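Every chain is numbered from 1 and lettered A, B, ... according to where its sequence line falls, protein lines coming before strand lines. When reading the values below, keep in mind they use all heavy atoms of this one structure, side chains included, and skip hydrogens, waters and symmetry mates. Note that the structure is predicted; figures quoted are calculated from it, not measured.
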Amino acid sequence: MPELPEVETVVRGLREPLVGQTLHSMWVERASTVHSPAPEQFAARIRGQRVQALSRRAKYIVIHLEHDFLLVHLKMTGRLYVAAAGAAYPADAWVRVRFGLDAGHELRFSDARRFGRVYLTAHLADITGGLGPEPLDDDFTLERFAGRIAGHRRPLKPLLLDQAFIAGVGNIYADEALHRARLHPLRPASSLTAAEVAALYTMIRAALNDGINHEGASVNWYRKPDGTTGTAQDGLTVYGRDGRPCLTCGHVIEKIRVVQRGTHFCPVCQPLPER
DNA sequence: CGGACAACCTGGCGGC
DNA sequence: TGCCGCCAGGTTGTCC
């Protein structure tokens, strides 16, 4: 599903067609997709504002307008793309919100599952204030990660999925990072040695960077803004590979449920120490 | 604090 | 072939 690498790929793909465009209008096909403010105010406020930049915070796409930030969260099945005037696209069947751009072009937000939301705010922190640090930022150092993990006793899998602990990691990259770091998803955070903390830090970043370099994992719904698939799914070592051999040791990959999430791991490479 | 679980949603797919 | 029912999971909110 869209996690940090997928959202980053969407942001990169939308910069060229979107920056410099002016938002002229907004069509709300599905009111519940508009988080805040209410659709009428939302449409009135964006009208005439030029897109100045695009960035990403956790799994949010952040569109910088002249006086506001327009945020989009893709959740499970959201897709965001710029459509040429009058052109039809495969994801159009699930369009929830459209924004009119220059020369008849449109920014379309499609979302089959209807979990995704759009937000408009003058103060970014109103939406993203509770999020933890960006794992790929330069100031996210090993020391900082070690300091944050020190206070936690929770199992690693739910900790990595907690957006207040670390921003942008979802189910796929959590499983991949834990496998690369050779850590069982149920290991209590407080049980890690300094070397294991360092391995986890390194492998979270490596898994995310690999995902970005392969333009995201198109496990099912995710597509780049141009409609094509990423290739990161071909490099996954555990996610979705339950019942198949571990690429490191050959043992069968297992799948369990942890905090209601499908969790994939190799019981040999990622042992759970008895205690 | 944290874990369990429901809710939000619907396309896709396994099973029969 | 067709239908049923479950599964997928990011996030919020509720309850214990």
Side-chain angles (χ1 to χ4, degrees), chain A residues 1-11 28-36 56-62 71-80 89-97 109-119 121 126-132 134-135 148-178 185-191 208 211 216-223 227 229 232-233 236 238-244 253-265:
Chain A
M1 307 304 146
E3 303 179 25
L4 187 156
E6 289 74 31
V7 177
E8 179 64 30
T9 301
V10 171
V11 166
V28 177
E29 319 283 358
R30 181 84 188 177
S32 60
T33 298
V34 180
H35 181 278
S36 58
R56 178 194 56 74
R57 176 71 172 108
K59 300 168 191 170
Y60 290 89
I61 296 160
V62 183
L71 279 71
V72 179
H73 199 303
L74 303 174
K75 294 290 177 77
M76 312 294 302
T77 56
R79 291 182 193 167
L80 192 63
Y89 292 78
D92 286 350
W94 310 288
V95 166
R96 309 304 177 198
V97 176
F109 177 55
S110 160
D111 182 25
R113 294 278 293 279
R114 298 176 173 170
F115 282 10
R117 294 289 183 271
V118 298
Y119 312 73
T121 180
D126 289 350
I127 310 295
T128 64
L131 294 168
E134 285 290 328
R148 289 183 68 79
I149 205 170
H152 288 279
R153 219 179 310 181
R154 304 165 67 182
L156 293 174
K157 180 69 185 280
L159 190 62
L160 294 184
L161 293 179
D162 185 347
Q163 300 300 297
F165 175 70
I166 185 169
V169 177
N171 206 42
I172 296 173
Y173 294 97
D175 283 4
E176 293 298 313
L178 288 169
L186 293 178
R187 280 283 297 279
S190 55
S191 75
L208 294 173
S218 292
V219 170
N220 43 30
W221 280 88
Y222 163 73
R223 293 293 184 277
T229 57
Q233 65 278 6
L236 300 180
V238 283
Y239 182 86
R241 296 196 65 251
D242 44 303
R244 296 160 66 187
I253 300 295
E254 290 185 10
K255 181 177 181 181
I256 59 176
R257 293 199 74 84
V258 180
V259 287
Q260 318 306 118
R261 292 291 182 275
T263 298
H264 315 72
F265 70 102

Which whole number of Å gives the distance between the [atom1] atom of [N] and that of [M]?
N      : M      : atom1 : result
C:dC3  : B:dC9  : P     : 26 Å
C:dT12 : B:dG11 : C1'   : 23 Å
B:dG14 : C:dG9  : P     : 15 Å
B:dA6  : C:dC6  : P     : 13 Å

- [ ] Verify side chain to side chain contact (heavy atoms under 4.5 Å, CB included) between A:Ile253 and A:Arg244, making sure each step is shown before the conclusion.
- [x] CA-CA 6 Å; A:Ile253 300 295; A:Arg244 296 160 66 187; 5.6 Å; no

- [ ] Give me the one residue out of A:Leu208, A:Ile166, A:Leu4 that meets side chain to side chain contact (heavy atoms under 4.5 Å, CB included) with A:Glu134.
- [x] A:Leu4

Could you state the atom-to-atom distance from [atom1] of [X] to [atom2] of [N] in whole Å?
X        : N     : atom1 : atom2 : value
A:Leu159 : B:dC1 : CG    : P     : 13 Å
A:Arg154 : B:dC1 : CZ    : P     : 10 Å
A:Trp221 : C:dA8 : CH2   : C1'   : 11 Å
A:Arg241 : C:dA8 : CZ    : P     : 17 Å
A:Arg148 : B:dC1 : CZ    : C1'   : 15 Å
A:Phe165 : B:dG2 : CZ    : P     : 11 Å

TODO: Assign a letter to each nucleotide of nucleotides 9-16 of chain C from its 5' end: B, base within under 4.0 Å of a protein heavy atom; S, sugar-phosphate only; -, no contact.
DONE: BBB-----

Are any non-hydrogen side-chain atoms of [X] and [Y] less than 4.5 angstrom apart?
X        : Y        : value
A:Arg96  : A:Arg114 : yes
A:Phe165 : A:Ile149 : yes
A:Val28  : A:Thr33  : no

- [ ] Answer yes or no: are there more than 12 heavy-atom neighbours, outside A:His35 itself, under 6.0 Å from its atom NE2?
- [x] no

Task: Euclidean distance, A:Asp126 CG relative to A:Thr121 OG1, rounded to 0.5 Å - done: 4.0 Å

Open item on the list: So that I can tick it off, tell me whether A:Asp111 and A:Arg30 are bridged by a salt bridge, with the cut-off set at under 4.0 angstrom between side-chain N and carboxylate O.
Closed with: no

Task: Salt-bridge present (A:Lys59, A:Glu3; N to O < 4.0 Å) - done: no

Open item on the list: Under 4.0 Å, counting only non-hydrogen atoms across every strand here, what does A:His35 touch: a base, just sugar-phosphate, or nothing?
Closed with: nothing

Open item on the list: So that I can compare with my own list, what are the stems of DNA chain B, taken as at least three consecutive Watson-Crick or G-U pairs with distances under 3.5 Å?
Closed with: B:2-8 with C:10-16, B:10-16 with C:2-8

TODO: Please tell me which of A:Ala112 and A:Val259 maps to the more 5' nucleotide of DNA chain B, matching each residue to the nucleotide holding its nearest heavy atom.
DONE: A:Val259

